[in-house]
Visitor: 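Got a structure here, written out as C-alpha cells. Questions coming.
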There are 2 protein chains.
Amino acid sequence: MTRPAQIHDVAARAGVSPSSVSRALNGGRHVSPAVQARVLRAAEELGYEPNLNAQGLRGQASRTVGCLVSDVSNPLYAELVSAAEARLQDEGYLFVLGNSHGDMARELALIRLFRRRRMDGLIVALNNETHPDLLREIEQTAVPLVLLDRDVSVERDRVSADHRGGAYAAARHLIDLGHRDILLVTPGHQVRPGRERMAGMESAFRDAGLAPEGLTFSLQASSIAFVFSDVKQALAGPRPPSAIVVLGTQMLAGTLSAIASCGLEVPGDVSVISIGDTDLARYAAPGITALRWDLKNVGRQAAELLLARFGGDVAPPRAVVFPMELIIRKSCSPPGSNRRGAR
Amino acid sequence: MTRPAQIHDVAARAGVSPSSVSRALNGGRHVSPAVQARVLRAAEELGYEPNLNAQGLRGQASRTVGCLVSDVSNPLYAELVSAAEARLQDEGYLFVLGNSHGDMARELALIRLFRRRRMDGLIVALNNETHPDLLREIEQTAVPLVLLDRDVSVERDRVSADHRGGAYAAARHLIDLGHRDILLVTPGHQVRPGRERMAGMESAFRDAGLAPEGLTFSLQASSIAFVFSDVKQALAGPRPPSAIVVLGTQMLAGTLSAIASCGLEVPGDVSVISIGDTDLARYAAPGITALRWDLKNVGRQAAELLLARFGGDVAPPRAVVFPMELIIRKSCSPPGSNRRGAR
DNA sequence: CGCGCGACTGAAATCGTTTCTAGGTTCCGC
DNA sequence: GCGGAACCTAGAAACGATTTCAGTCGCGCG
C-alpha cells in the first residue's frame with residue numbers, strides 16, 4: 001500500500017527528465033527510440049499509472065462522459081446505457097451514471113455535478129422538459145450533449161424513437177380488427193414518449209374516421225403500483241374496453257394480472273398490445289403483440305454522436321430517429337371472439 | 001460559452017484572496033461572517049463551480065466510486081447498480097459504471113482505469129475469480145473495494161446472496177413433492193453463484209438420501225441462446241425430467257418456450273422453479289415458483305460498506321450475506337399430475 | 001574549419017484548487 | 001497603555017501531470 005508511482009519516479013528510474021517521460025508515453029514524437037524504450041520499461045516495472053486528475057487539470061479533456069437517466073433498473077434504460085457505455089469504453093472513455101429517480105432536484109444537481117467534474121460530454125434523459133432552471137442548465141452546458149427522446153427547446157443533438165409512428169401502427173392494427181373501445185394505460189404525458197404515443201393513437205383514430213373519444217384514459221397510473229387496480233376498475237366498468245394498449249413500458253405486468261384476476265382471457269375477451277418488447281411480452285402465454293425498437297442502437301448512436309463531436313464535428317445539431325416495429329403475436333383478435341357465456 | 005469562473009474570479013469580485021474563498025466555501029471556519037457572505041454572493045453571481053480535477057489533485061479524495069459488472073442490461077445487476085448509485089449519490093459521490101461483457105481483458109483494463117482515475121472506492125463483480133493478473137490487480141488496489149457475490153481469494157469486504165441455501169430450499173421443495181428426475185438449467189460454474197446453487201442442490205439430494213446423479217446437467221447453455229434448444233432436447237430425450245430448475249437468471253424465458261413448444265404444460269407435465277424473481281416469473285401463466293433475494297438491499301449494502309470505509313472504518317473485512325426466499329406460486333406439483341393421454 | 005540546422009532533451013511555467021505559514025488586527029485584561 | 005491571545009486574512013507552496021521554450025549536441029554543407 002505504498003504511494004503510487006509518479007512521473008517523477010519513472011523519470012528517475014529511466015535517468016531522464018519528467019518531460020521526456022511524458023513525451024515517451026504520450027506522443028512518442030520528439031523522443032529518441034533509446035529513451036522511449038528505457039521509459040517504457042521503467043514505467044512498466046514501477047506499474048506507473050498517470051494520475052488522471054492531474055492530466056485533466058493540465059490538459060482539458062477528462063475522457064469522461066456523464067449519463068443521466070431516471071433509473072437504470074428500468075430495463076429500457078439498462079439496455080440503452082449498456083450499449084452506450086460499451087461504445088464509449090472502446091474509445092477509452094469513462095462512463096458516469098446518475099439516476100434521477102424522476103426527481104427534478106436530483107436532475108439539476110446531477111447536471112451541475114457533471115459540469116463541475118468537467119465531463120467531456122453528456123447523455124441525458126430529462127424527466128422534466130420545461131422547467132426553466134433545467135433548460136438553463138442544459139443551455140449553459142458547454143460540452144457536447146445528447147438528449148434522449150425528449151422535447152426540450154434547446155438546440156442540441158438528439159436521439160429518439162418514433163413513438164408516434166409506432167403507436168399509430170398499433171392503433172391501426174386494433175382498429176382494423178374492429179376494436180372501437182380501447183383503453184390506454186399510460187404513465188402520463190409529462191415527457192415526449194408519452195405525448196407522441198398518444199398523438200399517434202389519436203391520429204390513427206382520426207384517419208379511420210373515428211372520434212378519438214373512443215379512447216379511454218387511465219392517466220392516474222403514474223405510479224406503476226396503480227396499474228393493476230386502475231385496469232381492473234376499467235374492466236369492471238359499465239362499458240369495458242375490448243382492447244388495451246399498454247403505453248408504459250413497465251405496466252404490462254400489472255395489466256395482465258388485472259385481466260387475469262377479472263377472469264378474462266387474452267385475446268378472447270380483451271386484446272392487448274404492449275409498447276416495449278420485454279421478456280414478459282415475448283414469453284407470456286399467449287405472446288403479447290408488441291412494439292419494438294432497437295435500444296442498443298439508440299444507446300450506441302448517442303455515444304456515436306458524442307464521439308463525433310469530440311472529434312471536432314461542428315455541424316448543426318442532428319436528430320436521429322429510430323423506427324418502431326409492430327411484432328404481431330397472439331394477443332389480438334377481433335372484439336367479441338369469446339361469445340358471451342362461452343366460458 | 002465563456003471560460004467558466006475560477007476561484008480567482010470569485011476572490012476578485014468579493015475583494016478577498018483565493019484562500020479565503022476556499023475556506024468560505026468549504027469549511028466555513030476561520031472566516032468572518034462578513035467575508036463568508038460576500039464570497040457566497042460572489043460565487044452565486046458568477047455561477048462558480050469548483051473544478052473537481054483540481055480539487056482532486058490537491059486534496060486526495062475524488063469523491064468517485066467505480067463499479068464493475070458484466071452487464072447492466074442484466075436486470076439483476078441493473079437493480080443492484082441502481083440502488084448502490086442512489087445511496088452513493090446521496091453522499092455526493094459520482095458513480096462510474098463499467099461493463100466487462102464477460103471479457104477478462106476488459107475487466108482488467110477497467111480496474112486499471114479505475115485506479116488511474118484515483119477512484120475512492122470500487123464495487124466489483126468479477127467474471128473470472130481465479131486469473132492471477134486479476135487477483136493481483138485486486139490485491140494491489142489500495143482503496144476500499146467490495147466484492148459482489150464472488151469467491152476471490154483476497155481479504156476484502158464482500159456482499160453475497162445465500163445461493164446455496166436458496167437452492168437447497170428449492171430442491172427440497174421439489175423432492176418433497178416427489179420429484180426425482182430434475183433438470184438443472186445452469187449458466188455454468190465459473191462464478192460463485194453457479195457453484196453455490198449447484199452445491200445447495202446436491203446437498204439437498206444427499207440429505208434426502210438420494211444420489212445427486214438424479215440431477216441432469218445442461219452446462220453447455222453458457223449462452224442464453226442455447227437454452228431453448230438444450231431444454232427441448234432434454235424434454236424429448238429417453239428419460240425426460242419431471243421438474244426443471246432454472247439456475248440462470250436470464251434463462252427462464254428460453255426454458256418456458258421450450259416446454260411450450262414440446263406441447264407440455266406447467267406444472268402438469270413439468271414443474272418449474274426459477275432462481276431470480278423476474279417479471280416473467282411473477283406474471284407468467286401459471287406464476288412460476290421462484291427464489292427471490294433483495295437486490296436493492298445488496299446494492300445498498302455494498303455502498304454502505306464503502307461509505308463506512310471512507311468514514312475511516314478500519315475493521316477487518318466483513319462479509320454480508322443476504323437470505324433467499326422461495327416464493328411458492330403455481331408452477332410446481334407432484335410428478336405425473338397430467339396422466340398419460342390426458343390431453 | 002566554421003556555421004547553421006535539425007533533432008532531442010531538460011528546466012520551468014502552467015492548470016485550479018487546498019492548505020500551511022506567517023503576518024496583521026482587534027480586543028481584552030492587567 | 002501595553003502585552004498577548006484570538007481571530008482573520010493574504011501569500012506561497014503543493015498536488016502531478018503536460019507543454020513551451022531554450023539550450024545542447026551532432027552533422028552536413030559551404
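Everything quoted here is computed from the prediction, not taken from an experiment. Just so it is clear: chains get the letters A, B, ... in the order the sequence lines come, proteins before strands, and each one is counted from 1. What you see below is based on every heavy atom in this structure, not just the backbone, and it leaves out hydrogens, waters and symmetry mates.
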Visitor: Pick the nucleotide of DNA chain D nearest each of B:Arg118 and B:Val16; which residue has the one closer to the 5' end?
Guide: B:Val16

Visitor: Pairs under 3.5 angstrom, nitrogen or oxygen only, protein versus nucleotides 19-23 of chain C, please.
Guide:
residue	atom	partner	partner atom	Å
C:dT19	O4'	B:Arg58	NH2	3.2

Visitor: Assess the side chains of B:Ser100 and B:Asn127: does a donor N or O sit below 3.5 Å from an acceptor N or O?
Guide: no

Visitor: Just the rounded figure in Å: distance from C1' of C:dC15 to CG of B:Asn53.
Guide: 10 Å

Visitor: Using whole Å, what does the distance between atom C1' of nucleotide C:dG16 and atom CD of A:Gln55 come to?
Guide: 16 Å

Visitor: In whole angstrom, what separates A:Gln36's CD from C:dT9's P?
Guide: 10 Å

Visitor: Please give, in whole Å, the distance from D:dT19 C1' to A:Leu57 CG?
Guide: 13 Å

Visitor: Would you say A:Leu40 and A:Leu25 make side-chain contact, with heavy atoms under 4.5 Å?
Guide: yes

Visitor: With sequence neighbours left out, what residues match B:Arg192 under side-chain contact (heavy atoms from CB on, under 4.5 Å)?
Guide: B:Glu129, B:Asp149, B:Asp151, B:Ser160, B:His163, B:Arg195, B:Glu196

Visitor: How many whole angstroms separate atom CG of B:Asn51 from atom C1' of D:dC15?
Guide: 13 Å

Visitor: Rounded to the Å, how far apart are A:Leu52 CG and D:dA17 P?
Guide: 9 Å

Visitor: Decide if atom CD of A:Glu49 counts as having more than 12 heavy atoms of other residues, nucleotides or ligands within a radius under 6.0 Å.
Guide: yes

Visitor: If you count the non-hydrogen atoms of other residues, nucleotides and ligands that lie under 6.0 Å from CD in A:Glu91, is the total more than 12?
Guide: yes

Visitor: Looking at the side chain of A:Val31, which of D:dA17, C:dT9, C:dG10 is the nearest nucleotide?
Guide: C:dT9

Visitor: Please tell me if A:Tyr48 has a side-chain N or O lying less than 4.0 Å from either OP1 or OP2 of D:dA17.
Guide: yes

Visitor: Atom OG in B:Ser73, atom CD in B:Gln250: separation rounded to 0.5 Å?
Guide: 6.5 Å

Visitor: A:Asp9 has an atom CG; how far is it from atom P of D:dC15, in whole Å?
Guide: 12 Å

Visitor: Measure CD1/A:Ile7 against P/C:dA11 and give the value in whole Å, please.
Guide: 14 Å

Visitor: Give a yes or no on whether the backbone of A:Val146 and the side-chain of A:Asp157 come within a donor-acceptor separation of less than 3.5 Å.
Guide: no

